[in-house]
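What you see is a predicted model, and the numbers here were worked out from it, not measured in a lab.
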Amino acid sequence: MPHTFNADRRDKIAKQKYQVTNWPAYNESLRQRGDLTIWVKDEALSLWTARRRTSRGGQPKYSDLAITLCLTLRVVYGLALRQTQGLMRSVAALMGFDIAVPDFSTLSRRSKGLALPSTKSRATTSGPVDLVVDSTGLKVFGEGEWLENKHKTKAKRKRWRKLHLGLNLVSGEIVCSDLTVDDVGDPTALPGLLDQIGGAVEKFIADGAYDGTPSRDLLATRFGEIVEVIIPPPKTAVASPQSVLVPSVRDRHIAEIQTKGRMAWQKSTGYNKRSRAETQMGRWKAVIGPKLKARHFDNQKTEAKIGVRVLNRMTELGRPKFERAA
């Protein structure tokens, strides 16, 4: 039945309106995202050449920092590898640096298993983290729907990767990430995400895909009783046999949903904040793109890690501040 069939008789809830209160600062941060001086600094060009190694084999010509810088420009400006080489060559000429620029084949080869320079995370120095975790799909190189429809070829299973992100609700920073193949479930990727968090997690919010004993036991083992787990149980969930004497957190959530309803439970527990993770996924696909440019899985993992660094850098430049409109 169409959604609008009973639209004239359905109770309407007006959409809440918010307004940005720091437009001048936020506008400037948006302009800085395209500023080359934000992404290319003199310190990076001074560390362009790789250190000489004492082991056998050929000597690397470019440092990991140089390769990371080139690949970062590729992600920021949505370029192919050859155009990335041309952009970096012009940047070096404009800045007056007499350096060799890695060619596109070198960038592709070195991106496999690239060790990215460490960045200081605000999440590990500001106390416990309010963590929200979610995942989304990213397209990869392959035949598109247009080609299949034009030549009437047999429909193939579309290839894609799954991007897992963990967001700090307070700072807006992506504190953990992973790129997996499409058949890896969200609970399976959770241990690898938690390994990337150096501090404690005070609140963990995720959708129903993480509901289950393995995820809850993992969080309890890692962070103890300090962590507050907010995962919605499914509609068919039933309380455990010990719910009468020793109810678990999940049992209390089931009882509250049965008593007050799911919408009231979302508001009382703060589960609505999970929408911030969905917003971050939409931000990724709008800024970085819905498709991975690299063709090999190892290179795709490096591309995803660089995309996380780019979004975090943009977040540091400035975030909008909202207040509810009257």
Side-chain angles (χ1 to χ4, degrees), residues 33 38-41 44-45 47-51 53 57-58 60-88 91 101-121 135-142 159-167 173-184 188-189 191-197 280-281 283-316:
R33 293 181 183 183
I38 296 295
W39 308 103
V40 183
K41 297 183 178 180
L45 296 178
L47 302 175
W48 194 260
T49 305
R51 293 182 179 180
R53 67 184 185 188
K61 186 176 183 180
Y62 308 99
S63 65
D64 289 343
L65 180 62
I67 302 299
T68 301
L69 174 58
C70 294
L71 295 178
T72 299
L73 293 178
R74 181 195 187 195
V75 172
V76 172
Y77 298 105
L79 303 175
L81 288 176
R82 289 173 176 83
Q83 284 73 45
T84 302
Q85 178 185 355
L87 174 62
M88 193 64 239
V91 169
V101 176
D103 57 76
F104 61 92
S105 61
T106 301
L107 292 176
S108 177
R109 175 175 50 83
R110 289 284 301 274
S111 65
K112 180 180 180 180
L114 178 65
L116 301 180
S118 61
T119 57
K120 188 176 181 180
S121 174
S135 64
T136 187
L138 296 177
K139 298 178 181 179
V140 296
F141 178 84
R159 299 176 56 210
W160 55 284
R161 305 297 187 206
K162 183 180 286 188
L163 176 67
H164 307 264
L165 295 180
L167 179 69
E173 179 186 14
I174 301 175
V175 294
C176 55
S177 65
D178 194 12
L179 187 75
T180 63
V181 294
D182 55 359
D183 58 353
V184 174
T188 305
L193 295 177
L194 298 181
D195 289 340
Q196 303 174 33
I197 301 178
Q280 189 69 273
M281 297 300 181
R283 182 180 175 219
W284 179 288
K285 294 186 177 181
V287 177
I288 307 301
K291 184 177 181 179
L292 294 167
K293 297 180 180 298
R295 301 189 182 187
H296 301 288
F297 183 56
D298 291 337
N299 298 38
Q300 292 167 356
K301 292 177 73 71
T302 300
E303 182 181 345
K305 292 178 181 179
I306 293 178
V308 169
R309 294 164 61 93
V310 167
L311 287 185
N312 284 340
R313 179 61 177 139
M314 291 181 177
T315 301
E316 292 177 2

Legend entry - CG on Leu311 to CZ on Arg283, rounded to 0.5 Å: 5.0 Å
Which donor-acceptor pairs under 3.5 Å do the side chains of residues 109-117 make with protein atoms, sequence neighbours left out?
from: Arg110; atom 1: NH1; to: Tyr62; atom 2: O; distance (Å): 2.9
from: Arg110; atom 1: NH2; to: Tyr62; atom 2: O; distance (Å): 3.0
from: Arg110; atom 1: NH2; to: Asp64; atom 2: OD1; distance (Å): 2.8
from: Ser111; atom 1: OG; to: Leu107; atom 2: O; distance (Å): 3.4
from: Ser111; atom 1: OG; to: Ser108; atom 2: O; distance (Å): 2.8
from: Ser111; atom 1: OG; to: Asn299; atom 2: ND2; distance (Å): 2.8

Inset, instruction - Check side-chain hydrogen bond (donor to acceptor under 3.5 Å, both in side chains) between Ser177 and all other residues, then give those that pass, not counting sequence neighbours. - result: none
Inset, instruction - Ignoring hydrogens and angles, tell me if any N or O in the side chain of Trp39 forms a donor-acceptor pair with the backbone of Cys70 under 3.5 Å. - result: no
Inset, instruction - Report yes or no: do Thr106 and Lys61 form a side-chain donor-acceptor pair below 3.5 Å? - result: no
Legend entry - Thr315 side chain near Glu173 side chain, heavy-atom distance below 4.5 Å: no
Legend entry - Lys162 NZ: over 12 foreign heavy atoms closer than 6.0 Å: yes
Legend entry - Non-neighbouring partners of Lys301 that pass side-chain hydrogen bond (donor to acceptor under 3.5 Å, both in side chains), sequence neighbours left out: Asp178
Inset, instruction - Please round to the nearest 0.5 Å and tell me the distance separating atom CG of Leu163 and atom CH2 of Trp284. - result: 5.0 Å
Legend entry - Glu303: partners by side-chain hydrogen bond (donor to acceptor under 3.5 Å, both in side chains), with sequence neighbours left out: none
Legend entry - Test item: Arg313 and Thr72 side chains (from C-beta on) under 4.5 Å apart, heavy atoms: no
Inset, instruction - Not counting sequence neighbours, which residues clear side-chain hydrogen bond (donor to acceptor under 3.5 Å, both in side chains) with Ser135? List them please. - result: Asp186
Return a table of donor-acceptor pairs under 3.5 angstrom between the side chains of residues 76-85 and protein atoms on other chains or two or more places apart.
from: Tyr77; atom 1: OH; to: Gly34; atom 2: O; distance (Å): 3.1
from: Thr84; atom 1: OG1; to: Ala80; atom 2: O; distance (Å): 2.7
from: Gln85; atom 1: OE1; to: Phe104; atom 2: N; distance (Å): 3.3

Inset, instruction - Could you tell me whether the side chain of Phe297 reaches within less than 4.5 Å of the side chain of Val140, counting heavy atoms only? - result: no
Inset, instruction - Answer yes or no: is there a side-chain heavy-atom contact under 4.5 Å between Val91 and Val101? - result: no
Inset, instruction - To the nearest 0.5 Å, tell me how far Cys176 SG sits from Leu165 CG. - result: 8.0 Å
